[in-house]
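This report refers to the structure that appears directly beneath it.
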Protein chains: 2
Amino acid sequence: MDTQVNQPGFAGLRTGDSVETTVHIVGGKWKGVILYHLIEGELRFNQIRRRIPGITQRMLTLQLRDLEKSGVLDRVVYQETPPRVGYRLNALGRTLIPLITMMKEWGDSYRGQLSAEPIQPSVLVE
Amino acid sequence: MDTQVNQPGFAGLRTGDSVETTVHIVGGKWKGVILYHLIEGELRFNQIRRRIPGITQRMLTLQLRDLEKSGVLDRVVYQETPPRVGYRLNALGRTLIPLITMMKEWGDSYRGQLSAEPIQPSVLVE
DNA sequence: CCGTATCCTCTACGATACTG
DNA sequence: CAGTATCGTAGAGGATACGG
């Protein structure tokens with residue numbers, strides 16, 4: 001399948017689309033949350049799954065593969081029985097931590113904001 | 001139509017999904033870039049359009065409406081002929097500036113990284 | 001335990017044409 | 001200038017079952 005555009009340069013994106021580049025990597029329904037949980041350290045497949053209620057095995061696999069391709073995380077295979085696989089942010093992925101953290105915090109305060117004063121569409125006429 | 005879920009709380013998201021909340025607002029193919037350009041100040045419809053090659057009128061309208069609903073920008077209608085409409089970040093929207101800026105910068109350096117050393121899938125065996 | 005393989009749905013996004 | 005209105009499509013995301 002491959003839910004992600006090809007590297008390098010993400011064909012279709014032009015110079016100046018750096019914001020979109022980041023969105024491609026961190027965006028979508030699951031990648032942000034996955035990355036967020038990996039901040040705490042290496043996690044196994046099912047550990048991630050348990051931390052993200054609602055995600056299916058298929059989706060988790062796909063998103064992890066995308067993140068691997070993007071080069072932000074490593075997949076560690078332990079040769080044991082039962083099989084064990086770990087996922088962890090690599091050096092490049094760790095540079096995402098401030099961003100992910102900021103997204104988490106902004107989302108938190110936005111939600112607080114919402115319950116405090118519901119948004120009313122503001123169309124200003126001048 | 002409405003490409004965005006309902007407020008408040010973005011039905012379907014549970015507590016702890018703050019990262020996803022943020023992704024919902026700045027994510028998608030265009031919202032990040034739109035917000036990025038609005039950092040420089042109020043812009044008119046066609047000014048934004050010219051700054052974002054490839055976006056269609058329809059898409060720009062839809063995304064701007066979503067951002068309005070999210071409560072991060074104001075729409076300013078000037079009663080003139082020809083009609084003039086401006087879009088600007090409001091107080092809440094301005095709190096997004098550090099985030100958007102960070103996304104831009106991360107995207108920039110990621111692209112530099114790419115050309116320096118292409119990503120090779122790293123599956124570590126231990 | 002950690003995945004793939006199918007199949008299916010839904011919606012984000014796009015092309016194009018038209019309007020106050 | 002700043003938009004709607006229609007129609008069409010690709011692919012993101014989901015349900016379920018099976019496999020090393």
Side-chain angles (χ1 to χ4, degrees), chain A residues 1-6 10-13 17 20 23-34 42-69 75-87 123-126, chain B residues 1-6 10-13 17 20 23-34 42-69 73 75-88 123-126:
Chain A
M1 183 156 287
D2 193 14
T3 70
Q4 183 176 289
V5 281
N6 289 330
F10 298 107
L13 295 185
D17 295 337
E20 292 187 48
V23 170
H24 255 100
I25 293 177
V26 155
K29 189 166 179 183
W30 303 110
K31 295 197 192 120
V33 219
I34 293 174
E42 180 175 322
L43 290 176
R44 307 171 48 177
F45 188 87
N46 279 323
Q47 285 181 313
I48 304 178
R49 191 143 89 104
R50 274 187 293 272
R51 277 169 175 70
I52 309 180
I55 197 171
T56 61
Q57 278 196 345
R58 173 185 142 81
M59 269 302 130
L60 182 52
T61 305
L62 284 176
Q63 304 307 308
L64 287 171
R65 292 293 175 276
D66 271 2
L67 291 169
E68 254 185 283
K69 274 198 203 165
R75 183 161 175 269
V76 195
V77 177
Y78 299 92
Q79 301 285 34
E80 308 170 355
T81 39
R84 227 179 95 213
V85 179
Y87 294 90
V123 183
L124 317 177
V125 180
E126 310 192 345
Chain B
M1 197 145 301
D2 194 14
T3 70
Q4 182 175 290
V5 281
N6 288 330
F10 296 109
L13 296 183
D17 295 338
E20 292 187 47
V23 170
H24 254 101
I25 292 177
V26 306
K29 188 166 179 183
W30 302 111
K31 295 197 193 121
V33 218
I34 294 174
E42 181 175 321
L43 290 175
R44 307 170 48 177
F45 188 87
N46 280 322
Q47 285 182 314
I48 304 178
R49 191 143 89 104
R50 275 187 294 270
R51 277 171 175 70
I52 308 181
I55 196 171
T56 60
Q57 279 196 342
R58 172 186 143 82
M59 270 303 131
L60 182 52
T61 306
L62 284 176
Q63 305 306 309
L64 287 171
R65 293 290 175 278
D66 271 2
L67 291 169
E68 254 186 282
K69 274 197 203 166
L73 58 79
R75 183 163 175 268
V76 195
V77 177
Y78 298 92
Q79 301 285 34
E80 306 170 357
T81 39
R84 229 180 94 214
V85 178
Y87 293 90
R88 62 159 93 117
V123 183
L124 318 176
V125 180
E126 308 191 346

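Since the model is a prediction, treat every value here as computed from it, not as a measurement.
- Atoms CD1 and CD1, on A/Ile48 and A/Ile34 in that order, are 6.5 Å from each other to the nearest 0.5 Å.
- Closest non-hydrogen pair, B/Leu60 versus B/Phe45, comes out as CD2-O, 3.6 Å.
- Here the nucleotide nearest the side chain of A/Thr61, chosen from C/dT4, D/dG13, C/dG14, is C/dT4.
- Between B/Gln63 and C/dC13, a side-chain N or O to OP1/OP2 separation shorter than 4.0 Å is present.
- Two residues are said to be in side-chain contact when any heavy atoms from C-beta on lie closer than 4.5 Å; B/Arg88 and B/Leu73 fail this criterion.
- The shortest heavy-atom contact between A/Gln47 and A/Arg44 is OE1-N, 2.8 Å.
- When rounded to the nearest whole Å, the span between CD of A/Glu68 and C1' of C/dG3 equals 13 Å.
- Contact annotation: A/Arg65 does not reach the phosphate of C/dC2 (side-chain N/O to OP1 or OP2, under 4.0 Å).
- Closest to the B/Phe45 side chain, of the nucleotides C/dT4, C/dA15, D/dA2, is D/dA2.
- In this structure, A/Val23 and B/Lys31 have side chains that are not in contact, with every pair of non-hydrogen atoms separated by 4.5 Å or more.
- One interatomic measurement links the two molecules: CE of A/Met59 to C1' of D/dA15, which rounds to 11 Å at whole-angstrom precision.
- The NZ atom of A/Lys31 sits 10 Å away from the C1' atom of D/dA12 (whole-angstrom rounding).
- Closest approach to the A/Lys29 side chain among D/dG3, D/dG14, C/dC1 is made by D/dG14 (side chain taken as heavy atoms from C-beta onward).
- Evaluation of atom-type donor-acceptor distances gives no pair under 3.5 Å for the side chain of A/Arg58 against the base of C/dG3.
- B/Arg49 comes within 4.0 angstrom of no nucleic acid atom, judged by non-hydrogen atoms across all strands.
- Straight-line distance from the CZ atom of B/Arg84 to the C1' atom of D/dA2: 13 Å, rounded to whole Å.
- For B/Pro83, the listed nucleotide lying nearest its side chain is D/dC1; candidates were C/dC13, C/dG3, D/dC1.
- Distance A/Tyr78 OH to C/dC2 P: 11 Å, rounded to the nearest Å.
- Between B/Leu64 atom CG and D/dT4 atom P the separation is 10 Å, expressed in whole Å.
- Listed by chain and number, the residues in a side chain to side chain donor-acceptor pair (under 3.5 Å) with A/Gln57 amount to none (sequence neighbours excluded).
- The interatomic distance linking B/Ile48 (CD1) with D/dA2 (P) rounds to 9 Å, in whole Å.
- How far CZ of A/Arg58 is from CD of A/Gln63: 9.5 Å, rounded to the nearest 0.5 Å.
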### Task
Quick one: the dot-bracket string of DNA chain C, using Watson-Crick and G-U wobble pairs with both distances under 3.5 Å, [ ] for crossing pairs and | for bases paired to another strand.
|.||||||||||||||||||
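- Here D/dC1 is the nucleotide among D/dC1, C/dC1, D/dA17 with the atom lying nearest to any side-chain atom of B/Pro82.
- Using a 4.5 Å cut-off on side-chain heavy atoms (C-beta onward), B/Val33 and B/Ile55 make no contact.
- Here the nucleotide nearest the side chain of A/Arg44, chosen from C/dC2, D/dG14, D/dG3, is C/dC2.
- Between A/Tyr87 and the phosphate of C/dG3, there is a side-chain N or O to OP1/OP2 separation shorter than 4.0 Å.
- For B/Arg75 and D/dA2, the CZ to P distance is 10 Å, given to the nearest whole Å.
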